[in-house]
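Reminder, nothing fancy here: chain letters follow the sequence lines and each chain counts from 1. All heavy atoms count here, side chains included; hydrogens, waters and symmetry mates do not. The shown structure was predicted, so the numbers you read here are calculated from the model rather than taken from an experiment.
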There are 2 protein chains.
Amino acid sequence: MVTLNDVAERANVSKMTVSRAINHPEQVRDELRTSIMQVMQELHYQPNAAARALVSRSTRVIKLTIFEDMDTTEPYYMMLLAGISNELNRHQYALQLATSNSYQVGECDGYILTGIRQKDYAWVEQLQQPVVFFGRNQQGYDYVDTDNYQALYESTRYAISRGYEHLVFVGIDVDEPFEYDRETGFRDAVTESGVSAQLVKLANHCHVATDYVQQHWAEFPKNTAFVCASDRLGIGIEDGITLNGGKVPDDYGVIGFDGVLLNQIASKRLTTMQQPLEVMGRAAAKLLLSNIQHPHERQDQEKIIIKSRLSTAESTR
Amino acid sequence: MVTLNDVAERANVSKMTVSRAINHPEQVRDELRTSIMQVMQELHYQPNAAARALVSRSTRVIKLTIFEDMDTTEPYYMMLLAGISNELNRHQYALQLATSNSYQVGECDGYILTGIRQKDYAWVEQLQQPVVFFGRNQQGYDYVDTDNYQALYESTRYAISRGYEHLVFVGIDVDEPFEYDRETGFRDAVTESGVSAQLVKLANHCHVATDYVQQHWAEFPKNTAFVCASDRLGIGIEDGITLNGGKVPDDYGVIGFDGVLLNQIASKRLTTMQQPLEVMGRAAAKLLLSNIQHPHERQDQEKIIIKSRLSTAESTR
DNA sequence: AACACTTTTGCAAGCGATTGCATAAATTTG
DNA sequence: CAAATTTATGCAATCGCTTGCAAAAGTGTT
């Protein structure tokens, strides 16, 4: 292994000068610095991260902890990963992946947390490091989230504007803030417009939504639009409608939420509120890094809320 | 920060004894060890990873490097991640994520590489650490892969066994071993059966496949089955058929490959060869760890080949 | 009880880098 | 041009832990 000392000897300077050439270039004579850089190249010198971390107390590692069984394999997270990873790389931080139940091995400079449910907050509190949430929380932690209220409000308004007269909100059966926000967005939109509406909460799976439509088909007059809390539900609902002989989008409309399935299935063009997950990932990474670099500058909870964008397709007229 | 010394003082032993209690429990008197363990608990002692790595020359970090633009957001990788992450956690290793173009920050004990193309091998060779590939390679590196030949051979045979009389292989237009294997599996199966067949290679996107069917519709007599190199292509093909008024599965069959979209879209029940990605991820992690722990035991290239499983659904009769 | 063991614990050195302080060189100033 | 100041480099200590060897304690044998 090539060490600072090796470089120093070869460059005829002390290892301190080499160290400074790397970390504080302005403190080293230009000429000398370039010659040191060259030696580093020749020797393929790579600073030892462990040694650095030991003395500087900074690992340059950020952990993304996903509080959900990873075998559910949400493609959702993949886009998040892309955003986070890109941003961290720009700042020369490494991204480490962990799940809630994973053995806590290795240290890090901060955490990005996602998929957190109420029961997990105890775990979070015991963390002694900067934390940024992906998803709203009422505990005062900084977070990045999409505007769930706006998303459902807007998609509901859109459905109404397309002439659908009966609205169904198909939510997810969890007790979490994001779900309330979505529901409230829907409620406000229908109340304002005075159209008839109903709500249901289902487990977040296609077939559950399909079954629901099958079993309650009588409740849905023509001109019903289903505003869903996820694309999965949207797709399931659409199937249910088709199986009952309903015509999408002429007689029934469907709007999803997330937008993660969009690029994958060309035919299933679901109208949906698309979350800019890559952007949100970047934002979370950026916020965390800023918290790490300026530990005391911030007093209040920082909230970065990024709007979802309506992406219209063939499941609405 | 709680250090070994703190624990040692509190437990009235030297820090060496504490260290041994952790790393070589059998060398410490049972009674003493349990009392040390207790002190560690009380003080919430966590060994400093950097210090450990510095002296032991092992970081307990594995890097998964994905050689593909991550913004393509293949859900494929998510399942892989799950498998790798689970296995690494069992062995108390951390998983670090990197892309080919990401700044190489931090050290690791080994690499799992996926999405590698011919042009990337130069980068790999310069690595000075154990490497396991995800996907076949002819360079002598250990790898884990699904049996691409078997997968396409089997799905083609299946299509033939269901009575389809004209076979179309819809491949991906890349120059990689895995693609040849698939093609060869298809060729062998049709040759053996003597059915008529044709091949095409397309970019791996739904709409490309849909367009292809539209433009070549005249070439496909009734009783044609499309055997595809990915689920995306399969879904695109199916759409193309439907748009042309073809009946799936009665007059046209479609078989995909991967199985990653299966659980996501209930209605689009594509018959497909399902890769057990979680298992494959585990296998890759296990193989890498064994290479790390027994550096010289192995002479030849180790190949772990895991069969895909046919999952029949509504796109074949 | 004295010897040769084996088992258990402690000491000192060092992994590769960075921090604080001291020194040397270069530059400015009166 | 010597003194004061700025800029550039080097020295020593240290981060928390593990390795190699030495010392101490315990065990058994004659």
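- Near DNA chain C, meaning a heavy atom under 4.0 Å away, the residues from residues 17-27 of chain A are A/Ser19, A/Asn23.
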Contact list (N/O, under 3.5 angstrom) for nucleotides 22-28 of chain C vs protein:
none

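- Read 5' to 3', the first and last nucleotides of DNA chain D with an atom closer than 4.0 Å to a heavy atom of chain B are D/dG16 to D/dT19.
- Between its opening and closing five pairs, the helix from C/dA1-D/dT30 to C/dG30-D/dC1 changes axis direction by 40°, a value rounded to 10 degrees.
- Annotation: side chain to side chain donor-acceptor pair (under 3.5 Å) contacts of B/Glu42 (sequence neighbours excluded): B/Arg10.
- Within residues 5-16 of chain A, the residues having any heavy atom under 4.0 Å from DNA chain C are, by residue number, A/Lys15, A/Met16.
- Qualifying salt bridge (Lys or Arg N to Asp or Glu O under 4.0 Å) partners for A/Asp30, counting only residues two or more places apart in sequence or in other chains: A/Arg33.
- Every residue two or more places apart in sequence or in another chain that forms a side-chain contact (heavy atoms from CB on, under 4.5 Å) with B/Asp120 is listed here: B/Phe67, B/Ile116, B/Arg117.
- For B/Val279, the side-chain contact (heavy atoms from CB on, under 4.5 Å) partners two or more places apart in sequence, or in a different chain, are B/Pro276, B/Ile306.
- In this structure, the side chain of B/Thr17 does not engage the main chain of B/Val13 through any donor-acceptor pair within 3.5 Å.
- Using modelled atom types and a 3.5 Å distance limit, the side chains of A/Glu278 and A/Asn86 yield a donor-acceptor pair.
- A/Arg90 meets the salt bridge (Lys or Arg N to Asp or Glu O under 4.0 Å) test with A/Glu87; sequence neighbours excluded.
- Near-neighbour residues of DNA chain D inside residues 30-45 of chain B, defined by a heavy atom below 4.0 Å, number-ordered: B/Tyr45.
- With sequence neighbours excluded, the residues that form a ring pair (Phe, Tyr, Trp, His ring centres under 6.0 Å) with A/Phe133 are A/Tyr121, A/Tyr141.
- Shown here is A/Glu26, whose CD atom has more than 12 heavy atoms of other residues, nucleotides or ligands within 6.0 Å.
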